[in-house]
There are 2 protein chains.
Amino acid sequence: MSTPVPEATVARLPIYLRSLRELAEMGVKTVSSNRLAELSGVNAAKVRKDLSYLGSYGVRGVGYEVGYLIFQTSRELGLTGDRGIVIAGAGHLGQALANYPGFAQKGCRICAMVDIDPQKVGGELGGVPVVGPDRVSEVMSRNPGAIVVVATPATVAQEVVDRFVRAGAHSILNFAPVVLNVPEGVAVRQVDMALELQVLSFYAEQGERSALAKGVESVPS
Amino acid sequence: MSTPVPEATVARLPIYLRSLRELAEMGVKTVSSNRLAELSGVNAAKVRKDLSYLGSYGVRGVGYEVGYLIFQTSRELGLTGDRGIVIAGAGHLGQALANYPGFAQKGCRICAMVDIDPQKVGGELGGVPVVGPDRVSEVMSRNPGAIVVVATPATVAQEVVDRFVRAGAHSILNFAPVVLNVPEGVAVRQVDMALELQVLSFYAEQGERSALAKGVESVPS
DNA sequence: TAGATTGTTAATCGATTAACAATC
DNA sequence: TAGATTGTTAATCGATTAACAATC
């Protein structure tokens, strides 16, 4: 078949999609790789190469048709049908996610929340039913291809994921600060704020060190 | 001076640090690159190369001393002094972040929240004072090297960041779903859940397509 | 000494991007 | 036609990792 889309490209498609939607909202019909690159904060050659993996949807000398590119990018990302989401963990984070309005907008539907607390099981949170861990397998069968969002404490994240994987889960968004072990073929994305802060701390420290070395003063007020 | 630490390495140091802390908590004194790699979900050669940027802190035939490596990694990441954090935006997300217990643990101190709402300005949220945008410059002067966490609506994120950068900010953690334009020398990390979900949607779709192509059935129950 | 493990080299791999022919 | 812009090639760059000498 066609060349597989590289990982780095897949990670950028949602950024292009966001830029394209902004353009569409502004009534813009056509966009060049240069403009799209500028809006998305990347190199223009990279945009063209990334888009070429989807097919030849541009017109030389003209650019890309915004609406059509939105359609093709969405299709490539599997955002056309409605995509189910199951939230594991109905604590603060889980509830915040259940209330997040961004999901429905993007064609995502939260099917269920899973929690171990008997006080929560059987109830609803943000309009989403809360079920016990014994019903994971049932939830995953009813919502094939659902993405599992892990919002449990770090200590139990791995066993929760094991259960979901056994129930057929193939896509996991992990908010717990642990490295998850999953079998081949299961995709995991990690969101870890503490980790991002530590990376920034490194560069902040670097900045201070080099500022010190160069005798740079702080910006005058 | 010494070779600059590659970006990819910087991004992994916090993961090693987490693994090392777990080991320390378990009373483990010494660890090999192999074991640390396993715990951190990376290749052992990569661990050794990454750690070699910090210096020669291992002992051939023995491994790395856990406590000492924690110290050196923390130092490299600038986690020794207390690092200030300023949260821009006192909405749901901002408040959730202010209440997040993980900050204080990691030697981070939330200095202030900045919001435009007169009802919030002058008050406190989660023990953190809320100030108006007119005091950004003052807050940044009092907390040099502070990391700015952007938790504002996407529409105003860029102008908020511009103001902080003018006030001397060099490190930004952005939760708003926009590409930020910042001058050279300012580090930005992006956390975007909707984006991560779309990436996973791609792989979920892929899985379904190939499963379909290969005639694979779902896992028997 | 024998076994283990680091630190580093060098080969490999994948991603980035300048450049330009193709073509609207 | 002249100008603009894509799609793709090929050079470049940086990151990964197998392999192994150094050495505890």
Side-chain angles (χ1 to χ4, degrees), chain A residues 2-16 19-20 23 28-70 72-73 76 179 184 187 199 202-203, chain B residues 2-16 19-20 23 28-70 72-73 76 179 184 187 199 202-203:
Chain A
S2 52
T3 325
V5 184
E7 255 187 69
T9 296
V10 173
R12 279 187 298 265
L13 291 181
I15 302 179
Y16 300 149
S19 303
L20 289 165
L23 288 169
V28 177
K29 298 291 178 211
T30 290
V31 66
S32 69
S33 60
N34 242 300
R35 179 87 184 101
L36 186 53
E38 194 183 10
L39 289 170
S40 306
V42 304
N43 177 292
K46 190 143 65 179
V47 168
R48 289 199 297 278
K49 188 143 231 276
D50 285 342
L51 294 182
S52 76
Y53 289 108
L54 312 190
S56 284
Y57 298 139
V59 180
R60 284 160 207 248
V62 178
Y64 301 87
E65 211 235 294
V66 173
Y68 189 57
L69 204 50
I70 288 176
Q72 289 295 351
T73 311
E76 189 73 23
V179 173
E184 187 136 357
V199 171
F202 173 88
Y203 289 109
Chain B
S2 51
T3 325
V5 184
E7 256 187 69
T9 296
V10 173
R12 280 187 297 264
L13 291 180
I15 302 178
Y16 301 149
S19 302
L20 288 166
L23 288 168
V28 177
K29 299 289 179 212
T30 291
V31 67
S32 68
S33 60
N34 242 301
R35 179 89 184 98
L36 185 54
E38 194 184 10
L39 288 170
S40 306
V42 304
N43 177 291
K46 190 144 61 179
V47 168
R48 291 199 296 278
K49 188 145 232 272
D50 285 341
L51 295 181
S52 76
Y53 288 107
L54 313 190
S56 284
Y57 299 138
V59 180
R60 283 159 208 250
V62 179
Y64 301 86
E65 210 234 294
V66 173
Y68 189 56
L69 204 50
I70 288 176
Q72 289 295 352
T73 310
E76 189 73 23
V179 173
E184 188 136 357
V199 171
F202 173 87
Y203 290 109

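Just so it is clear: chains get the letters A, B, ... in the order the sequence lines come, proteins before strands, and each one is counted from 1.
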dG14(D) P sits how many Å from E7(A) CD, rounded? 21 Å
Atom-pair distance (NZ on K46(B); C1' on dG14(C)), nearest Å: 12 Å
Mind calculating the distance between CG (L51(B)) and C1' (dT8(C)) to the nearest angstrom? 14 Å
With the side chain defined as heavy atoms from C-beta on, K49(A) is closest, among dT17(C), dT9(C), dG7(D), to dT17(C)
Short side-chain N/O contact to dT6(C) OP1/OP2 from S33(B), under 4.0 Å: yes
Given dT16(C), dT6(D), dA19(D), the nucleotide with the shortest approach to the side chain of Y64(A): dT6(D)
Nucleotide nearest A45(A) when distance is taken to its side chain, options dA19(C), dT9(D), dT6(D): dA19(C)
I'd like to know if the side chain of S19(A) and the backbone of I15(A) have a donor-acceptor N/O pair within less than 3.5 Å. yes
Over how many whole Å does the gap from R12(B) atom CZ to dT16(D) atom C1' extend? 8 Å
Once you round it to whole Å, what is the distance between P of dG7(C) and CG of L36(B)? 12 Å
Is the phosphate of dA18(D), meaning OP1 or OP2, less than 4.0 Å from a side-chain N or O of R48(B)? no
Atom CG of N34(B) and atom C1' of dA18(D): how far apart are they, to the nearest Å? 13 Å
To the nearest Å, give me how far apart CD (E38(B)) and P (dT5(C)) are. 13 Å
Searching all strands shown, indicate the nucleotide that pairs with dA15(D) (Watson-Crick or G-U wobble; both distances under 3.5 Å). dT12(C)
Looking at dA21(C), which nucleotide sits across from it as a Watson-Crick or G-U wobble partner, both distances under 3.5 angstrom, or is there none? dT6(D)
What is the nucleic acid contact for R35(A), judged by heavy atoms within less than 4.0 Å: base, sugar-phosphate only, or nothing? nothing
Grab the CD-C1' distance between E65(A) and dT5(D) for me, whole Å please. 16 Å
Hey, could you give me the CD/CG distance between E76(B) and D50(B), rounded to the nearest 0.5 Å? 11.5 Å
Let me confirm one number: the OH-CD1 distance from Y64(B) to I70(B), rounded to the nearest 0.5 Å. 15.0 Å
Quick one: CG on L23(A) to CZ on R35(A), what's the gap to the nearest 0.5 Å? 6.5 Å
Nearest-nucleotide comparison on DNA chain C, the residue closer to the 5′ end among N43(A) and V62(A): N43(A)
When only distance counts, do a donor and an acceptor, one from the side chain of R60(B) and one from the base of dT6(C), lie under 3.5 Å apart? yes
Which of these nucleotides, dC20(C), dT5(D), dT6(C), is closest to any side-chain atom of S32(A)? dT5(D)
Among E38(B), K46(B), R48(B), exactly one meets side-chain hydrogen bond (donor to acceptor under 3.5 Å, both in side chains) together with S33(B). Which residue is that? R48(B)
Please pick, from dT5(D), dG7(C), dT6(C), the nucleotide with the shortest atom-to-atom distance to any side-chain atom of S56(B). dG7(C)
